[in-house]
Each structure stands twice: as structure tokens, then as C-alpha cells.
Amino acid sequence: MRIVFYSTNSNVFDDETFKINVMPQNADAFKKFCAAHPEHDFFCVTQKPGMFLPELKNDNQICYLPKDTDTDTFSEQIISLKPDIAIAMTFWIEPYDWLPVSDALVAEILEEHGVRTICHSVQTGLICFDKLRTHNELKRLGFAVSPAVFCDHDLYFCAGSNKEVIRNVYKESVLAQIKKLRLPLIIKDTTGLSSYGMTVVHTYGEVAGYLNSKRNNSNRLIEEFITGRQFGLEIYGVPGSYTVLPPFEFSVNQYGITSPKQSVKFGPCELPAVLRDMMLKLAEDLGLCGVAQVDLILDENGDWHIIEVNPRLSGMSFTYACACGLSVFEMVYRACVEKKTLPQPASFVMSLKLPLMTENQMKEILEIDGVSLLNQTNDLAAKQEREKGFCECIICSTEKSVLQNAIIKFEKLFPGDAIILQANKMIK
């Protein structure tokens, strides 16, 4: 068969100022994957940065289309390769996490031309993109959701310059509904990427102050904050054939939120039957097709709560691939094309964000026992040091001591680094 891995990007990406460096390279992983399946011809079609796909090289298997390529032209490029199957390898990029919808639009065109696609539907992408729609859909499907109030930005501020309005009734109703929620509360941008922009507040006055301020510049969802341990997992497969991988626990910041740029992931943890069944129901109900990542909270009563569903590859994908001893390509191919159950991850796995480093330093880190992969993102245009980026380091082993020894070495290389200290606490 002829199989195309593809991913689109609708947002601005400047590879002159934003550098991504994966070691070992995605190109090496793709080459090995192709060699393991000589019965097929594989191709990749993407746009910069092409996360998870082979780095830009002169190769007739790899095609990077210009940033202004529209959906029809992108689809035509894939169709010209005469594929039997096209597999979405959707990634994410700021400010909007809507690339699952973009890839789904391509899939619709491909399906019209007789190409089998492995990609979430447009509807699924839209449901998961908008946190309000996610909240309402989870509730409709029977999953427990935290009580919440939606705040429409335009209506909340509609009386500002309208001389015909004496008082804003919509604004009053929002604040009145919020006072019925139990503190603390978490305020979310309904279309923001991951947990960026989330705020935890502990008084109703803080909520009103936030909503009345310039920080409130788009629609917001205000939810009761669920106290508990935070986890994440990925689901691979197609309707009728899913693999739910065991969860990883996430570290949290001082506000009790997982920070995408400063988190530590440790696991794999036990996958209880109740959680597995819950995830299988979620996958079937949403009609997931490909890869999806789910953020979870295990509350103080031992109940699991779905916080967010990301129908794409995620910040956990490299971790799971390393833990299972496979490439991301192999993970997707086995689960979605061959419809096979993925192997269980290694016994002890950790992903932590090390400080930015040179390529030579990365090579040295990669020599440390247990270190499987490094993924560095460096925003040269960032104005603040903490916004520049990090080097994700994934360590895998059958022995916990291997992870502990690696962290000891990191402590010597990066003394006082807060993330390494956090990793040390989690592994103990």
C-alpha cells in the first residue's frame, strides 16, 4: 500500500526565531520505520514546523508545503501521491488549538476522492477545540463535569459605550450565577491552547475583578476547581479498536495547574478498569480516529474527572513512544492500520523539562543511561528568559534506580533547577 502521513498548519511559524531540535531525529525514526515495513511505500506531507514528522530534507518521500498553502492545494498534493491511506499526524501551535479541525477538512476532501483516512472528524475537532462545547458534550454523554458558568465577552462588556443601557443585565446574571459556584474557581479561555491563560481564584471578588479587567479579552468558562492529583493519557486507534495507555501523573505549579512548559510526567501508573472503561466510552462516543490525549483529575474521593480532550498527538506522544520502545509512526500504524494492541510501557518512565542547552550538550545528555529522547524548543524572539523554551528529556528503564541516577547527574549539571527538584520529589 501507499500510505501518507500528513499534518497542516494554519498559524504563523517562523523557523528563523523558533528552533526545534529532536534527538534522535524524527527523520531517523521514519527511516527505520519504513525499513521495518518494506511492503508499503510511505510519504509525509506537512507544513512547518512539521512536528513529529521527518525534519526538512531533500527527499522524494518528504514534502513541506509553503505556509500559505490552502486546504484544497494541500489535499491535491496528497492525492497526487495516489495513496491508499492518509493518516493525520496532527500537532499543535499557538494561539489556537484548532489544527485537528484543519486536518479533518483535508480528510473530508481525501475521502471524496476515495482515499481512506485515519483522522478525527470535523465535528470531533470542533467539540474538543472549544472548552464550552467540550464541557457540554461531556455532560450530554453522561460524564461527570464540574459546575460551570459561561461568560460571553461581547455581552459582558456591551453596555460600555451603549448610552441606551443603564445597567448590564447579562453581566449581573453572570456574576450572580458565579456566586452559586463553590470556591475555589478556575477561569479558562474557551479556545486557548492547553492550560495557557488559566487562572485559579479563591474569592468571588477575585472573579469579578478578573472579568472586569483587561485580562478578560475573550469568552471565558468559570468552573469549580477540582482538587486532586492530575494525570494524562493517550488513546490510539479507530472505532471498535482502541488501546488506552496507562496514565502518567503530572506535577503542578503553585496554583494547582499543570504547566506545559514546566511540568514533570512520571509513570506509568496503574490503569484501573473503571478508567479504562471510561476512556473506551469516551473514544467510542466521540468517534475518535487516530490519536487523542486526555487530561484527568483523580479527586479526593477516588473519582476520575475528564478535564480536557486533545484529538491529536500531544506532549505525551514522545514519552509513550519511548516507553513502548516504538516510534510515533509505529504507534499510530500498529493501532490504527493493523488494529493491534500497543505494548505495555516500560516500568519506570519520566519526562522532565531541562534548561535550554547547546547541541553538544544535548548529545552528552543523550549518552546518560536511560535517556531515550530529547526534544528542545527554543523561541529566540521571547522577551523573558522563562518564555524561551526548554529541553524535554525522556528517561525509560525497567529499574527506578536508572531514573534516580540520571536525575542526580542533572542536579550536578543544572544546580538549583526547580524542575529537577520537582522530578526528584516525584520519583521518591
Side-chain angles (χ1 to χ4, degrees), residues 92-101 124-141 143-157 170-171 173-232 250-263 282 286 292-299 304-312 314-315:
W92 68 95
I93 192 167
E94 295 183 48
Y96 299 117
D97 197 0
W98 59 21
L99 296 187
V101 180
T124 297
L126 289 171
I127 288 170
C128 298
F129 162 61
D130 186 327
K131 291 180 175 63
L132 176 62
R133 291 187 66 173
T134 304
H135 181 277
N136 291 339
E137 184 68 7
L138 290 175
K139 185 176 182 179
R140 187 187 72 81
L141 294 173
F143 294 99
V145 295
S146 183
V149 173
F150 171 66
C151 178
D152 183 292
H153 175 266
D154 291 342
L155 287 174
Y156 192 84
F157 289 105
Y170 178 80
K171 179 177 180 179
S173 72
V174 167
L175 296 175
Q177 291 176 76
I178 288 173
K179 288 183 179 179
K180 296 177 183 179
L181 298 178
R182 183 181 60 187
L183 297 168
L185 304 173
I186 184 166
I187 304 174
K188 302 177 179 179
D189 181 338
T190 58
T191 58
L193 178 67
S194 189
S195 61
Y196 294 118
M198 288 188 183
T199 301
V200 177
V201 293
H202 295 85
T203 69
Y204 299 116
E206 283 184 79
V207 184
Y210 178 97
L211 293 179
N212 293 333
S213 72
K214 293 182 179 180
R215 296 174 65 191
N216 180 16
N217 54 14
S218 65
N219 292 342
R220 293 291 190 266
L221 187 66
I222 301 93
E223 292 182 332
E224 289 185 1
F225 183 81
I226 303 171
T227 301
R229 297 164 64 190
Q230 301 209 12
F231 294 83
F250 295 168
S251 65
V252 296
N253 58 23
Q254 66 268 37
Y255 306 108
I257 302 174
T258 296
S259 169
K261 296 183 178 181
Q262 296 181 307
S263 66
L282 176 72
L286 291 179
Q293 188 268 339
V294 185
D295 286 333
L296 302 155
I297 290 182
L298 179 62
D299 71 17
W304 291 93
H305 300 262
I306 300 170
I307 302 303
E308 189 168 302
V309 182
N310 298 303
R312 53 166 171 73
S314 74

(request) Apply ring-ring contact (aromatic ring centres under 6.0 Å, His included) to Trp98 and list each qualifying residue two or more places apart in sequence or on a separate chain. (result) Tyr96, Phe129

(message) Holding to salt bridge (Lys or Arg N to Asp or Glu O under 4.0 Å), I want the full list of residues that pass it with Arg229, two or more places apart in sequence or in another chain.
(response) Glu249

(request) Just jot down the side-chain contact (heavy atoms from CB on, under 4.5 Å) partners of Asp299, sequence neighbours excluded, or say none. (result) Ile226, Asn301, Asp303, His305

(message) According to side chain to side chain donor-acceptor pair (under 3.5 Å), who are the partners of Ser314, at least two apart in sequence or on a separate chain?
(response) Glu234

(message) Among residues at least two apart in sequence or on other chains, which ones pass side chain to side chain donor-acceptor pair (under 3.5 Å) with His135?
(response) none

(request) Not counting sequence neighbours, list each pair that qualifies as a side chain to side chain donor-acceptor pair (under 3.5 Å) and has a residue in residues 176-187. (result) none

(request) Quick one: list whatever passes salt bridge (Lys or Arg N to Asp or Glu O under 4.0 Å) with Lys171, sequence neighbours left out. (result) none

(message) Treating Ser146 as the side-chain partner and Glu224 as the backbone partner, does any N or O pair qualify as donor plus acceptor under 3.5 Å?
(response) yes

(request) State which residues pass side-chain contact (heavy atoms from CB on, under 4.5 Å) with Leu141; sequence neighbours excluded, sorted by chain then number. (result) Glu137, Phe143, Asp285, Leu286

(message) Can you list everything that forms a ring-ring contact (aromatic ring centres under 6.0 Å, His included) with Phe157? Sequence neighbours excluded, please.
(response) His153

(message) I'd like to check the ring-ring contact (aromatic ring centres under 6.0 Å, His included) partners of Phe225; sequence neighbours left out, ordered by chain and number.
(response) none

(request) Please name all residues satisfying side chain to side chain donor-acceptor pair (under 3.5 Å) with Arg133, sequence neighbours left out, ordered by chain then number. (result) none

(request) Identify, with sequence neighbours excluded, every residue that meets side chain to side chain donor-acceptor pair (under 3.5 Å) alongside Asp152. (result) none

